[in-house]
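Only this structure's heavy atoms are used, side chains among them; waters, hydrogens and symmetry mates stay out. Indexing begins at 1, ligand by ligand and atom by atom, following the structure's order.
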Amino acid sequence: MINQRLFTHYGIDTNKNLQIKRRCPRPYDTILIDKQGSCFACECQSWLPQSIGNLQVKTLDEIIGSTLQKHLQASIEDGTYRYCNEHQCSYILSRSVLDDSPSRIKHLRLAIDDSCNLRCPSCRKGMIFHKEGSAYRLGIRLADRINDWLHGYEHPIQVHIGSDGDPFASHVYRHFMEQTPERDNIKYSLLTNGLMFKEFHTRVPNVIGNLNELGVSIDGATKHTYEKLRLGGKWEKITENLQCMAEQKRKHGFSFILQFVVQKDNYHEMEAIIDLGEHYGADRVYLNKIEDWGTLDDFGSQNIWGSVDYQEQLERVIGRIHARADQSVESERLSGRTKNNRPVIIECPTLIKESVRHRNNR
Ligand code: SF4
Ligand code: SF4
């Protein structure tokens, strides 16, 4: 049954008709599992907040293909996208909804433990770490159920870990990664704060050996800013870990990405994080506008988007994006560059969107 209260909470009008002709693949190919075991047919819970079943009481095989999942798929097929959050879904916002209706699950997104070794002000008000107790025990049960299902799954699939807590700090995710089957059809993508990578990556060779993508969230490019925004992190330790990740990338060939949440205390380091990405051989640097998760008391003070100084910094980043595009085309023309020596790709869609919005409102 559709939980209307949830949609009201997220400000989603379920009577709308977005008239989108493309068919978003996510309700067909993606399952996101949260720390209560609720499963969602989208890559983000707040984009499509209706649970399609709970892993505590059902198996994944029972949840996949359920009446509720089919009901959500029907809202994509008729083009209304009535259950989708058009205010948050980045595909809808950027008018780049994908077009595919796969017949099976290709992405499993785990959000089953929010434990982290840091307490970044933009993310949480205090330390969250489950090493025992009911949340920890439930996380382990869910991890085991997911691994049981993966053992029997024979089709290509990518398991994403780290949207809620840190994969290497969390004892639940460590347990999951230590038990996960070693099979060619299962690939992984990790999002980490990076501080425990060097210490723990050797304990999960199945995951590192089958890693498609390693994302590192790092909101400062200098010691002062990094240690202010990544509360509990040490600059010397993150740079040591970045070096280790760069070496593992060369060995295993995964995609290496730096994620930088732009806010009032770090916007002046947008160019420096690009330089840092280049220094450590990252493939991409993502610059994203800070979002309000309700953890900052004075979120309004983050509104830097119209300031002259910020706009100048953003212009310089956009200049570098253009310069890199030219450089990349020229280099490939001259020497046929390989993936590993291309200049780092810079992406900042939410910053550009905000900038356009400001310009239009002037
Ligand atoms: S359009 Fe967006 S919100 Fe809707 S299913 Fe696709 S990814 Fe999810
Ligand atoms: S490192 Fe990531 S998960 Fe951990 S507190 Fe910071 S933002 Fe949250």
Discussion item. Ring centroids only, cut at 6.0 angstrom: are His171 and His130 within range, meaning strictly under it?
Written reply: no

Item to complete: Tell me the protein N, O or S atoms under 2.8 Å from atom 8 (Fe) of ligand 2, in chain and number order.
Response: Cys123 SG

Practice prompt. Any atoms of ligand 1 less than 4.0 Å from a non-hydrogen atom of Tyr81? List them with their elements.
Written response: 1 (S)

Practice prompt. Check ligand 1 against Pro27 and write out every atom of the ligand that is under 4.0 Å from a heavy-atom position of the residue.
Written response: 5 (S)

Item to complete: Would you indicate whether the side-chain heavy atoms of Ile105 and Tyr28 approach each other to under 4.5 Å?
Response: no

Fill in: Close-contact set for ligand 1 against Arg26 heavy atoms, below 4.0 Å
7 (S)

Response to the item:
Quick note on ligand 2: atoms under 4.0 Å from a heavy atom of Asp164 include exactly 3 (S)

Discussion item. Assess whether a salt bridge exists between Asp114 and Lys35, defined as any Lys/Arg side-chain N lying under 4.0 Å from an Asp/Glu carboxylate O.
Written reply: yes

Fill in: Residue of the set Thr180, Asn212, Asn206, Asn210 for which side-chain hydrogen bond (donor to acceptor under 3.5 Å, both in side chains) holds with Tyr188
Thr180

Worksheet item: Is the shortest side-chain N to carboxylate O distance from Asp275 to Arg320 below 4.0 Å?
Response: yes

Worksheet item: When you check the gap from the basic side-chain N to the acidic O, do Lys251 and Glu247 get nearer than 4.0 Å?
Response: no

Practice prompt. Would you name the heavy atoms of Pro25 and Asp99 that are closest together and state the gap between them?
Written response: CD-N, 4.5 Å

Item to complete: Quick one: look up the protein heavy atom nearest atom 6 (Fe) of ligand 1 and list residue, atom name and how far away it is.
Response: Cys24 SG, 2.3 Å

Worksheet entry | atom 8 (Fe) of ligand 1: the protein heavy-atom neighbour that sits closest, reported with distance to 0.1 Å | Cys42 SG, 2.3 Å

Practice prompt. Measure the shortest side-chain to side-chain distance between Arg22 and Ile76 over non-hydrogen atoms and say whether it is less than 4.5 angstrom.
Written response: no

Practice prompt. Could you check whether the rings of Phe168 and Phe197 sit parallel, tilted or perpendicular, using 30° and 60° as the cut-offs?
Written response: perpendicular

Item to complete: Give a yes/no on ligand 1: does Glu43 have at least one heavy atom closer than 4.0 angstrom to it?
Response: no

Worksheet entry | Plane angle bin for Phe7 and Tyr83 - parallel if under 30°, tilted between 30 and 60°, otherwise perpendicular | tilted

Worksheet item: Under a 4.0 Å heavy-atom limit, does Trp47 contact ligand 1 with its side chain, its backbone, both, or neither?
Response: both

Item to complete: Assess Cys89: does it contribute an N, O or S atom lying under 2.8 Å from atom 2 (Fe) of ligand 1?
Response: yes

Worksheet item: Which ligand 1 atoms, with their elements, are less than 4.0 angstrom from a heavy-atom of Cys84?
Response: 1 (S), 3 (S), 4 (Fe), 5 (S)

Discussion item. For Ser90, is there any backbone N or O sitting under 3.5 Å from a side-chain donor or acceptor partner on Ser94?
Written reply: yes

